[in-house]
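Before any comments, here is the structure.
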2 protein chains.
Amino acid sequence: MTTTTPSAAPGHRGVGRTLRPTGKVLPEHARAHNRSLVLQHLFHQGPSSRADLARSTGLTRVTVSDLVSVLISEGLVAELGVRPEGKVGKPATLVGMRTEEYQVVAVDLADDASLRGAVMTLTGAVVARRTVSLDGRTGDEAVAVLEDLCRELLAAADRPVVGVGIGSPGVIDAAGVVVQAPNRGWYDLPLAALLAERLGVPVQVANDANTHALGEYTYGGATGAGLMVVTVGQGLGAGIVLDGALVRGRAHAAGEIGHVTVVDDRDVRAGDPEPRPCACGRAGCLETLLSLPALRRATAGRSPEESDAVLASVGRKLGVALAPVVSALNLAEVLLSGPPELLDGALRVEALATVRARTLPLLGQDLVLRMGSLDEDGALSGAAALVLSGQLGVT
Amino acid sequence: MTTTTPSAAPGHRGVGRTLRPTGKVLPEHARAHNRSLVLQHLFHQGPSSRADLARSTGLTRVTVSDLVSVLISEGLVAELGVRPEGKVGKPATLVGMRTEEYQVVAVDLADDASLRGAVMTLTGAVVARRTVSLDGRTGDEAVAVLEDLCRELLAAADRPVVGVGIGSPGVIDAAGVVVQAPNRGWYDLPLAALLAERLGVPVQVANDANTHALGEYTYGGATGAGLMVVTVGQGLGAGIVLDGALVRGRAHAAGEIGHVTVVDDRDVRAGDPEPRPCACGRAGCLETLLSLPALRRATAGRSPEESDAVLASVGRKLGVALAPVVSALNLAEVLLSGPPELLDGALRVEALATVRARTLPLLGQDLVLRMGSLDEDGALSGAAALVLSGQLGVT
DNA sequence: ATTAGTAAGGAAGGTCTACTAACAAACATG
DNA sequence: CATGTTTGTTAGTAGACCTTCCTTACTAAT
């Protein structure tokens, strides 16, 4: 660094201790932003005329025409002929994003035993699938398996591939470096950069729960004004979208709600069963109640009524944990992702009731707590959304 | 509106249901951003040379020189002579923000009975104070009292005033419209626009707890990567700063954690006293335990040991409510604002211990939970920070 | 059939922004 | 004293968007 500046101006009371992230903005960044804006509208609104795009983006027709012509020359957008509906004036020429002419490779690493991948169109339709077993391999060997899977999927694509998106458990920073993913034995592994170099294709990597949230926002039509997606799988994760952007957190660990304590000795005194030990080394974590293994164990061999009672009690714990988050962030939507037969019943109903009962009515009343719109391919859709976001700026 | 676009392209599975906030970016916006960037560095790092600014912003010396010359012509920045420390090369000309040559009017509406205001320099030093009693006036009358106070403060300023910043309880949107502030009898009141027109000066209005958080970030040197400021006063509020920006929430009600339920019948079974009724119409809200009236009532006439026990139990409740938020957002810092004799002892210690005990060690271990750096003028500093942010882009 | 009127899209020219390249000024050092 | 280093400025260039004006193509009214 340079030797900078005298300590402080008079009157500064300790201002400026912390590093503030700053960044210059160049006109070309504005251009990229506006380009994404056009793509965004075409993606979500479907084919439009240039004039339509000008109206909805606020840019002039000239600028939109210019941006569109670049997008057409790149092949991302195509003219689709004249709009049929007749009105006064010159008929509009529709342009549309060529969402079926490009593909994305999406990989879901949520499962401990196997890697699931797919080739998808830009709209999230699955074109081909591949699944490979890990057979206990971890570390560099697991990376090699992942790389092979990606190659296979890239070969299976029958259209140009925009990029590879990977949703993985663990703590992953914005550059796609896996800070830690204990299940895979990955620590400080620059997975995105590494695969991008080996595959020769852009690669985006992010936490699986976070990508899931992004997927619900991009493909599921969820709001971006305050969204939390709770993913129930082997473990429990969550992703939060505020103001259209993923929340990452100080150490890139935002969304790790699986290990919030929800059962302690006070709860036992109030009538709860003993807290179960958790893989994290403590006990009573939410994940010990709300995860597929935990839910299956708790409902196995029970009558429907008994199961519902158990699921409701888990829903209540979830609601208790969600209430402060909903309040602090004034969330609009909380989505649950996982098997509907376990989640979309007493559990969900009780969770919503609990959140409503425990928050300011102003905050809780309008809250939506529902199942995610994405099916079992939600994780893959999220990984695809990651590519759309990273490569095209479309969310 | 126009008649837009056919419903959707084939393959769109319900994409684009919700309105996505978008906005074009023009080169002039980039310019404004870079201008703020320069001001920001001068504000926080103190006087620097143009070359220093170029290095720390990433802009070229030419561009920085250009921006600085504009700022100088506007009077916001001044040359301060040559840097004393001799090194090789041409000596640097220091330029600095003229923080003492401009003033800000800040008003704190947190108190139910009176309005506190001050004239402050841009660095947050108080130049003059005024306080007026409301005498029970509400609605338009309260607005009139506020307007008079602002006029008085504007007259008391002996330097040009950059703007008026107001921190008020209630739900307030980004445009400074008071959606609801029951204590004042304000509903859908465009307070910022109204006062700006009457006073002829830019006016910024935001929730008092949110401004407080902004103040800790701007003046207190708190991190912007994940900050929550919990303000304990007549009631309980909070503000959250993520990625350098205030979280506003779906209905502009982010930070309303005062009415999260923390005592219910299960807690009673576990040994807690009966939940107290709350002003919100429910019972057992955090605010019924953690607010100045509640804390004073709970500690009045108690021995220090008894008081500490009470405060610790309140701290525990706070910790239980904070744990899910800290986990979900991976917060870096939680600050408490209010009387240190009540907060900065057993309460804070127990709250931190509770959060740590109830969150993933990775998340809780590095968490800082401390008193805010701002003194009793914290609310005013926050209001001043609001003006800096709104008018100059400095946070 | 003709004439208005309306809307879409493109071409020309202008302004703004930041960049690169080159240079003069001012100082420390060998 | 010559040399090298750093600062800040001047001049020229490329990019990005804007305003204005024009042509094209269609509907609606006469």
Residues which pass side-chain hydrogen bond (donor to acceptor under 3.5 Å, both in side chains) with [X], listed by chain and number, not counting sequence neighbours:
{"X": "R250(B)", "value": "none"}
{"X": "R35(B)", "value": "E74(B)"}
{"X": "E197(B)", "value": "none"}
{"X": "S36(A)", "value": "none"}

| field | salt_bridge(R31(A), D66(A)) N-O dist < 4.0 Å | value | yes
| For the helix from dA1(C)-dT30(D) to dG30(C)-dC1(D), what angle lies between the axis at the first five pairs and the axis at the last five pairs, to 10 degrees? |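 Axis angle across the helix from dA1(C)-dT30(D) to dG30(C)-dC1(D), nearest 10°: 10°.
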Checking [X] now: which residues fulfil side chain to side chain contact (heavy atoms under 4.5 Å, CB included) with it, not counting sequence neighbours?
{"X": "A196(A)", "result": "V203(A)"}
{"X": "A225(B)", "result": "T223(B)"}
{"X": "L191(A)", "result": "V143(A), L146(A), V178(A), W186(A), L189(A), L195(A), V205(A)"}
{"X": "T93(B)", "result": "R50(B), E79(B)"}

| Going 5' to 3' along nucleotides 13-18 of chain C, which nucleotides have protein heavy atoms under 4.0 Å from the base (write B), which only from the sugar-phosphate (write S), and which from neither (write -)? | ----SS
| query | Given atom NE2 of H33(A) and atom C1' of dG15(D), what is their separation to the nearest angstrom? | reply | 18 Å
So which protein nitrogen or oxygen atoms get under 3.5 Å of nucleotides 3-7 of chain D's nitrogens or oxygens?
from, atom 1, to, atom 2, distance (Å)
dT5(D), O2, G89(B), N, 3.4
dT6(D), O2, K90(B), N, 2.7
dT7(D), OP1, R55(B), NH2, 3.1
dT7(D), OP2, R55(B), NH1, 3.3

| task | May I have all residue pairs that pass salt bridge (Lys or Arg N to Asp or Glu O under 4.0 Å) and include part of residues 157-167 of chain A, sequence neighbours excluded? | result |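 Checked against salt bridge (Lys or Arg N to Asp or Glu O under 4.0 Å) - neighbours excluded - the pairs reaching residues 157-167 of chain A are E101(A)-R159(A).
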